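Below: the structure, in structure tokens.
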Amino acid sequence: MTEPITQPPANEAGGYDPAAIEHKWQTRWRERGTNATDLAGGDRPFYALMMFPYPSAEGLHVGNLFAFTGNDIYGRFHRLRGHTVFEPLGYDAFGIHSENYALKLGRHPADLIPKNIANFRRQLERAGLMVDWRYSVSTTDPGYYKWTQWIFLQLLKRGLAYKKKGAVNWCPKDKTVLANEQVVAGACERCGTMVEQRFLEQWFFSITKYAQRLLANLDWIDWSETTKTAQRNWIGRSEGVEIGFEVLASGDGGARASTGDAPRINVFTTRGDTIFGASYLVLAPEHPLVVGLATPAQRAEIDAYRQRAAKQDLVARKVTKEKTGVFTGSYARNPATGQPIPIWIADYVLMEYGTGAIMAVPGHDERDFEFSQVYGLPIPRVVAADGEAPDAPLTAAFTENEGGRLVNSGRLDGMTVEEGKRAAAEWLSGMGAARTVVNYRLHDWCISRQRYWGPPIPVIYCDACGPQAVPESDLPVLLPNIADFTPDDSGISPLARHHEWYLVPCPTCGALSRRETDVSDTFLDSAWYFLRYPSAHRDDVPFDAALTKKWLPVNSYIGGNEHAVLHLLYSRFITMVLHDAGHIDFDEPFTKFRAHGHIVRDGAKMSKTKGNIVNPDDLIDEWGADAFRTYLMFLGPYEDGGDYRDRGISGVKRFLDRLWSSVGNARTDGTPDDAVMRKLHQTIRKVGDDIPRLSYNTAVAAMMEYINVVRAHERVPHRAEIEPLVQLVSPFAPHIAEELWERLGHDGSVMDAGWPEYDPALASEETIEIAVQVNGKTRGKVRVAKDADQAATLAAARADVQIAKFITGEPKKIIFVPGRLINIVV
RNA sequence: GCGAGAGUGGCGGAACUGGUAGACGCGCAGGACUUAGGAUCCUGUGUCUUCGGACGUGGGGGUUCGAGUCCCCCCUUUCGCACCA
């Protein structure tokens, strides 16, 4: 007798109706506060964070939901395992992207953002995310950016924020400066316009002071290796020496440029061992010493070159890589050889790195080699490979470190490169000509933007008192609602057109003063939002001390690797600063970070420009959120992304339909099938092992496999066989899981039902299949008891005629791997 | 150029520390049930085959009883960084 637990679904053939049950459960979750986290209570807090989106007008795309769903599953799984899980989500709504879009429409971003946010929220709720919306934040909310400005003041107070006039990246289209991190191959990462170099006064954060710490902590934080590597490369630590070259009286007939004391030119090199091969110096065109070095005969040419270099956008310099330069007419003394060497200027030397000057070793540096060829300069050899003559001419720069020995290098002769580096540093230091230094590729973070849509930088300029921090009690400095926020080419923010806003009394002396009219970089908004979530309800402090202590650092952070060196580096930096200032007690924000992959379709990453986007609303309408979520997770390894194929979702929907009818048909009489129960416990183990590894695709496959086994055994499964599967599937397909859980007669949410335990004894087979190889080739398989020994297995193999025929003689050797295989060598 | 990954059926992808290659799904083929099927269910599906087998994880070597997995060389490709001295 079969006694169904509930009536089988009406439309059994067509499967279940997702729209109805998803609506029902989303409503019920809201009413019951199922997704609300008790931040103060709960003894096993787990903060499952995902990178917050920028609320675009187009709404969420499939890629966003792929990312969010992966995090949601991780959070739901931890909840089932008994953690109190906090899964907040907010909006990164300031920034050029939002502002440009508003400009395009001729609208105001302050009007557009709330609509976009409402649309995002609608889509996110439809997707069934376990988000606690009470703790949402938007970076554009004055209650939020008040504290963004407060963070700026903390850096200012600690001497980590400063204003400097310098060469900065200027995007002529977006009409603002950009951080180095926002310039990709010489172009604006946002709009693709080639970036120009401008000399402007800008606000910087001294992130370089934290370079060593940002690098060192990478050794212990649990992050995706690809992300850590990207950060290491970006920080770009290199050890070397700074060597001083004394400038000589001119070799140009004594007509030396008019300077008093002979200046020294400091260069940075990682190859101090090649000092004897340094045959000329090169200064960046902007180098301050260039003016003094230019001899009268060379002056005109030098000036022309410098002007060209200054005007030239960084792109031309970086992309063409053609070597050009001009001889200054002056010479310096190589401290090792004592010989005079010419001083050149060339734009392949960058003012921003090292000292802005190099010693050129054309024999052993590709760029110097190329430059020497262009200008016919000598190319001496100071390193030779094993067995190579010391004077063998060089046809290319010899840059190998391994196996080289120093030659033509006086006291360094015969040393390896590494020995030479140490010896040269020691020797030159002893002469007072050098010191060892560490250089970083990382530059200070330029945070000011000549745009409108961002938090105003909280500084007031007073003629009498100088720049003054806005008192913390006066925060926030509200962004005024102005109509004409179009940026112009002046290098000054649109806010500077509004004297009624920027003219304010000096906070110190009261005299009429000017506000800073630049706003801060969007990346400052997002560098601390994860600190704000648990304290989003507090308007008197940036972060509640007790809640912060309890919930931070973030247990798990998931996001795209495109932020490997932007957001993730800035967040670490801001966290360190806040730690050092005593506001928080940890200095790394994300204990664990995993970069998710990207969804591609038709061979390209989904994007509007490629025309291959898929609207999640349509998919949810047609298939339901559960099938959509589960399908996204089934596409491929979460950390690799997946290839979206339009038809694939049908397989997942079929799986959910089968789950639905299996539960609907389940019987309570009789006993469960042994083989099915063993498979069940194996599946519980497998899914529980896979989810923490983010191996969602194999977890889904295991559940599919299980339901296939159930159905192959009995058309009417026992309740005990199918009920735990509802729990297993709940992180992926929460709505159907809730509905089935209820139909199974449970009162509470399946999210509070816990994770089923597997029985290790049941999860292991009683009898197992052992592969039989003869001479390493698989010839068949035999079924034996799970603890069968070698003799028993061999006997079983011989008993199988299909296998026995390959065993043509007495075994010479037998390799037996219990539970795995037996290999008979004859 | 430098750095980090990746190459497995028609397709997306499985395969834990070397141990039954191709799980799971799509697609495809055949069948059942149907007035009908782009629904559902069942069966099959790496290639070749003289039906005994043989060959198969980008290519070529190697280690091993045994290699998708480890080592060496090469090819292709994706993603970072890109004149950083």
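Keep in mind the model is a prediction, meaning the values are calculated, not measured. In what follows, every chain begins at residue 1, and chains take the letters A, B, ... in the order their sequences are listed.
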Picking from [options], which would you name as closest to the side chain of [X]?
X	options	value
T226(A)	rG25(B), rA4(B), rA23(B)	rA4(B)
T698(A)	rG25(B), rC65(B), rA14(B)	rA14(B)
K323(A)	rC83(B), rC24(B), rG19(B)	rC83(B)
R658(A)	rC41(B), rC83(B), rC65(B)	rC41(B)
R693(A)	rA15(B), rC65(B), rG19(B)	rA15(B)
V349(A)	rG19(B), rA85(B), rC26(B)	rA85(B)
I815(A)	rC83(B), rG19(B), rG12(B)	rG19(B)
F268(A)	rA15(B), rA85(B), rA4(B)	rA85(B)
A771(A)	rG12(B), rU20(B), rG80(B)	rU20(B)
N823(A)	rC11(B), rG66(B), rA85(B)	rG66(B)

So, is rG52(B) syn or anti if syn means the angle is within 90° of 0?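 Judged by the O4'-C1' to base torsion, rG52(B) sits in syn, the angle falling within 90° of 0.
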Does rG9(B) count as syn, meaning its glycosidic angle lies within 90° of 0, or as anti?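 Here the answer is syn: the torsion falls within 90° of 0.
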Measure distances between side-chain N and O atoms of K812(A) and base N and O atoms of rC65(B), and say whether any donor-acceptor pair falls under 3.5 Å.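 Flag unset: no donor-acceptor pair detected.
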For the side chain of Q773(A) and the base of rG19(B), is some donor closer than 3.5 Å to an acceptor across the two?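 Checked by distance alone, the answer is yes.
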Between [N] and [M], how far is it from one [atom1] atom to the other, in whole Å?
N	M	atom1	result
rG46(B)	rG9(B)	P	13 Å
rG66(B)	rU49(B)	C1'	26 Å
rC51(B)	rG44(B)	P	24 Å
rC55(B)	rA67(B)	P	13 Å
rG31(B)	rG37(B)	P	13 Å
rU69(B)	rA85(B)	C1'	41 Å
rU78(B)	rU63(B)	C1'	31 Å
rG56(B)	rG61(B)	P	11 Å

Taking any heavy-atom pair under 4.0 Å as a contact, classify [X]: base, sugar-phosphate, or nothing.
X	value
L635(A)	sugar-phosphate
N561(A)	nothing
R645(A)	base

Test applied, ring-ring contact (aromatic ring centres under 6.0 Å, His included); reference residue, Y644(A); option that passes from F66(A), F628(A), Y631(A):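 So, applying the ring-ring contact (aromatic ring centres under 6.0 Å, His included) to Y644(A) and each of F66(A), F628(A), Y631(A), only Y631(A) qualifies.
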Who does [N] pair with, Watson-Crick or G-U, both distances under 3.5 Å?
N	result
rU34(B)	none
rG9(B)	none
rA23(B)	none
rC2(B)	rG80(B)
rA29(B)	rU43(B)
rA67(B)	none
rC48(B)	rG53(B)

Any [X] side-chain N or O less than 4.0 Å from OP1/OP2 of [N]:
X	N	answer
R779(A)	rU20(B)	no
N697(A)	rA14(B)	yes
R654(A)	rU40(B)	yes

Assuming nearest nucleotide by heavy-atom distance, tell me which of A712(A) and D643(A) is located more 5' along RNA chain B.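 Counting from the 5' end, the first nearest nucleotide belongs to D643(A).
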Start at the 5' end of RNA chain B and walk down; is the nucleotide closest to V772(A) or to Y353(A) reached first?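 The 5'-side residue here is V772(A).
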Please confirm whether Y570(A) and W445(A) have ring centers closer than 6.0 angstrom.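 Close enough - the centres of the two rings lie under 6.0 Å apart.
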Can you check side-chain hydrogen bond (donor to acceptor under 3.5 Å, both in side chains) on Y696(A) and T630(A), steps first, answer last? CA-CA 9 Å; Y696(A) 298 141; T630(A) 309; over 6 Å; no
First locate atom OG1 of T227(A), then atom CG of N561(A), and finally report the distance between them rounded to the nearest 0.5 Å.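 Taking OG1 in T227(A) and CG in N561(A), the distance rounds to 3.5 Å.
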Apply ring pair (Phe, Tyr, Trp, His ring centres under 6.0 Å) to residues F371(A) and Y280(A) and explain how you reach the verdict. CA-CA 11 Å; F371(A) 189 81; Y280(A) 58 98; 5.8 Å; yes
Would you mind reading off the distance between F816(A) atom CZ and rG66(B) atom C1', rounded to a whole angstrom?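 It is 16 Å, rounded to the nearest whole Å.
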Between P of rA4(B) and CH2 of W234(A), the distance in whole Å: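 Whole-Å distance recorded here is 18 Å.
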Does the distance from a Lys or Arg side-chain N to an Asp or Glu carboxylate O, for R271(A) and D368(A), drop under 4.0 Å?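 Salt bridge between R271(A) and D368(A), a charged N being under 4.0 Å from a carboxylate O: no.
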At their closest point, which heavy atom of H287(A) faces which heavy atom of R306(A), and how far apart are they?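 Shortest heavy-atom separation between H287(A) and R306(A) comes out as O-NH2, 3.8 Å.
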Between R264(A) and A433(A), which heavy-atom pair has the shortest distance, and what is it?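 Taking R264(A) first and A433(A) second, the nearest heavy atoms are NH2-O, 4.1 Å.
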